[in-house]
Amino acid sequence: MTGYVGFSNYPNQEHRRSIKRGFSFTLMVAGESGLGKSTLINTLFESKVYPGKDDNAAAAAAAALGVVVGSEGAKTVEITSVSAEIVENNVKLRLSVVDTPGFGDSINNDQAWKPILENIESRFDAYLAQENRVNRSKIVDNRVNALLYFIKPTGHGLRAIDIEFMKNLHNKVNLIPVVAKADTMTPREVEQFKGKILADINFHGIQIFKPVSDQFDDPETIADNKAIAGKIPFAVVGSERLVERSDGTRVRGRQYPWGIIEVENEAHNDFVSLRQMLLRTHMEELRDATDVSLYETYRTQKLLALGH
Ligand code: GDP
Ligand code: MG
């Protein structure tokens, strides 16, 4: 990512308003234990989420995360949330990442999705309660704007547990499937695996977040959307270590006897594209979809159930 993120330059009215108050973005990760969820969160923060403009913010973010997210090997046992405030051109962004305990450890994983659904819904409830207050000037928005769902790199498409999870969550959150530990597969295997996953997602009627263009988009945006959409499900690699390249420079990556996989190399995996989509090109769209579609549907159902 070059330059700064660009969230402070969003053009429209809606954003001018939220810019004054500052705005928030909440990302959640979920999936089986050991697939690299906590590592990816750390990678995201440590990889200079906001390069250039404000290195202090990135450092603060990494420090904030270091406190809560366990280092390699430490298991996430409860839902934890870490946030960092990033300021760009006097615009405040509160970025929160919610780590959830991996599932797949117990014999019965039928309901692995349940605590995660409950957490997402309780954030909607908290927002709804604030909307109903007389003084609504200080609403805190902790709604989850995107959920990264980690898929085990088996090569065989989705498993029953993945399908169950996604079906139970897809109308409550912007679902973004990712192929975990993509460095354990060859590029060809990754491509084939992605095809199988998409076929399964389609077959089971699972709704995932997809960047869409409309007639108002400029050619550049349309091209961006297409490039990003073509990478879904993102094949990601996380690492908390720096490795040495043949030219002597040190980069974030994973070392193998045959060479290294660089986290921030677009030819090696989709980490950069994912980060770009989340924090730059589609942050606004993800926030809108959460508010206008997912939350609105939840709210309507809730109020109907209460007999309003
Ligand atoms: P979590 O249980 O999903 O939070 O998984 P962790 O982040 O704790 O990672 C579990 C193990 O997988 C650790 O030993 C990590 O070093 C390793 N790991 C994390 N990300 C990757 C990756 O992208 N590729 C590979 N090969 N290993 C990874
Ligand atoms: Mg973890």
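- Between the side chain of Asn174 and the backbone N or O of Leu286, at least one donor-acceptor pair lies under 3.5 Å.
- We find that Glu85 and Arg94 are not joined by a salt bridge, their nearest charged nitrogen and carboxylate oxygen being 4.0 Å or further apart.
- Under a 3.5 Å cut-off, the side chain of Asp183 and the backbone N or O of Val237 do not form any donor-acceptor pair.
- Ile41 is listed as a side-chain neighbour of Val29, based on a closest heavy-atom distance under 4.5 Å.
- By the 4.0 Å N-to-carboxylate-O rule, Lys302 lies close enough to Asp125 to be salt-bridged with it.
- Using a 4.0 Å cut-off between charged nitrogen and carboxylate oxygen, Glu262 and Arg245 count as a salt-bridge pair.
- Val97 is not listed as a side-chain neighbour of Met28, based on a closest heavy-atom distance of 4.5 Å or more.
- Salt bridge present: Glu32 and Arg159 bring a charged side-chain N and a carboxylate O closer than 4.0 Å.
- The existence of a salt bridge linking Asp270 and Lys194 is confirmed by a sub-4.0 Å separation between a basic side-chain nitrogen and an acidic carboxylate oxygen.
- Looking only at side-chain heavy atoms (C-beta outward), Leu27 and Ser96 stay at 4.5 Å or farther from each other.
- Arg143 has a carboxylate O that lies under 4.0 Å from a charged side-chain N of Asp291, or vice versa, which qualifies the two as a salt bridge.
- Closest approach of Asn119 and Ser122 over heavy atoms only: O-OG, 3.0 Å.
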_Please determine whether side chain to side chain donor-acceptor pair (under 3.5 Å) holds for the pair Thr221 and Asp218, giving the CA-CA distance in whole Å, both sets of side-chain angles, and the decisive distance to 0.1 Å._
CA-CA 5 Å; Thr221 308; Asp218 53 79; 2.9 Å; yes
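- A salt bridge does not link Glu240 with Arg252: none of the charged nitrogens is closer than 4.0 Å to a carboxylate oxygen.
- Classification of Glu191 and Arg188 as a salt-bridged pair fails, no side-chain N sitting under 4.0 Å from a carboxylate O.
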